[in-house]
Amino acid sequence: AQRVTQPEKLLSVFKGAPVELKCNYSYSGSPELFWYVQYSRQRLQLLLRHISRESIKGFTADLNKGETSFHLKKPFAQEEDSAMYYCALSGRETSGSRLTFGEGTQLTVNP
Amino acid sequence: DTEVTQTPKHLVMGMTNKKSLKCEQHMGHRAMYWYKQKAKKPPELMFVYSYEKLSINESVPSRFSPECPNSSLLNLHLHALQPEDSALYLCASSHPAVGGRKETQYFGPGTRLLVL
């Protein structure tokens, strides 16, 4: 079975402070991990995937297979980063990618 | 065109009604998905179509009936729904997974459904 855990439902930081959104996963095979973001009244959109190793909007995430984690980090949070963030795992070997989402973390960046 | 579109944006229906949700993409994706999302909760997978064939049904009640008439369109037919089926219904698409690679899913804006 595949499972994603985001321990923090709510996270509040001040503008300019570092932010880390935690994500842990459980999967016996070789997963692919994603971070999706949902801004208020907007569609769910991809922020990062571990395989591309990109930095998007200043966010980075490193897959740590030893700790089964894929934490999302940004050194200096901005007010426009306020949104719901979902960590997701795709691990099923099917012809369509099966995403399992964590419960999400609502990030609020205060001025 | 790099977007997934969904119609209608909002839908109110009675428990005896029959309605359909529509999803369209022109990105050449051959995998399409229906998700259900309740307020403050993550999306939950309902169905996966790959090359226009149903490949995953997550034990969804038969009052939800998916259909993929061609590679660009995905429908969800609704009949005799219950109030607890009220939710945001999301469509997504991706390239099919090949050689173990998991492709990024692109989501539509959703249809907000209210069942009275």
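Each chain gets a letter, A, B and so on, in the order its sequence line appears, and its residues count up from 1.
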Report task. Determine the minimum heavy-atom distance between A:Phe101 and B:Pro42, stating which atoms define it. Result ->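 For A:Phe101 versus B:Pro42, the nearest heavy atoms are CB-CB, 3.6 Å.
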
Requested in this report: Would you mind checking which part of A:Leu44 comes under 4.5 Å of any heavy atom in chain B, side chain (CB onward), backbone (N, CA, C, O), both or neither?
Outcome: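 Both the backbone and the side chain of A:Leu44 come within 4.5 Å of chain B.
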
Report task. Answer yes if A:Phe76 and A:Val13 sit in the same cluster of Ile, Leu, Val, Met, Phe, Trp and Tyr residues linked by side chain heavy atoms under 4.5 Å apart, and no otherwise. Result ->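 No, separate clusters.
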
Query raised in the report: Under a 4.5 Å side-chain heavy-atom rule over Ile, Leu, Val, Met, Phe, Trp and Tyr, are B:Trp34 and B:Leu73 clustered together?
Result: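 Each belongs to a different hydrophobic cluster.
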
Query raised in the report: Hey, what do you get for OG1 (B:Thr5) to CZ (A:Arg43), rounding to the nearest 0.5 Å?
Result: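 Taking OG1 in B:Thr5 and CZ in A:Arg43, the distance rounds to 8.0 Å.
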
**Report entry** B:Gln37 side, atom CD; A:Gln38 side, atom CD - distance, nearest 0.5 Å
**Finding:**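 Reported value, rounded in 0.5 Å steps: 4.5 Å.
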
Should the heavy atoms of other residues, nucleotides or ligands under 6.0 Å from [atom1] of [X] be counted, would the total exceed 12?
X: B:Lys38; atom1: NZ; value: yes
X: A:Arg3; atom1: CZ; value: no
X: A:Tyr39; atom1: OH; value: yes
X: A:Gln42; atom1: CD; value: yes

Query raised in the report: What are the residues of residues 103-111 of chain A, in order of number, with any heavy atom under 4.5 angstrom from a heavy atom of chain B?
Result: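 So far as heavy atoms go, A:Glu103 are the residues that approach chain B to under 4.5 Å.
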
Query raised in the report: Taking non-hydrogen atoms and a cut-off under 4.5 angstrom, which of residues 14-22 of chain A neighbour chain B?
Result: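 Hits under 4.5 Å: none found.
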
For residues 9-16 of chain B, tabulate all N or O donor-acceptor pairs below 3.5 Å that involve a side-chain atom, not counting sequence neighbours.
none

Query raised in the report: Within residues 107-116 of chain B, which positions have a heavy-atom distance to chain A below 4.5 Å?
Result: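 Within residues 107-116 of chain B, the residues that come under 4.5 Å of chain A (heavy atoms only) are B:Phe107, B:Gly108, B:Pro109.
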
Report task. Would you please test A:Leu99 and B:Tyr35 for side-chain contact (heavy atoms from CB on, under 4.5 Å) and show each step? Result -> CA-CA 10 Å; A:Leu99 277 180; B:Tyr35 289 85; 3.6 Å; yes

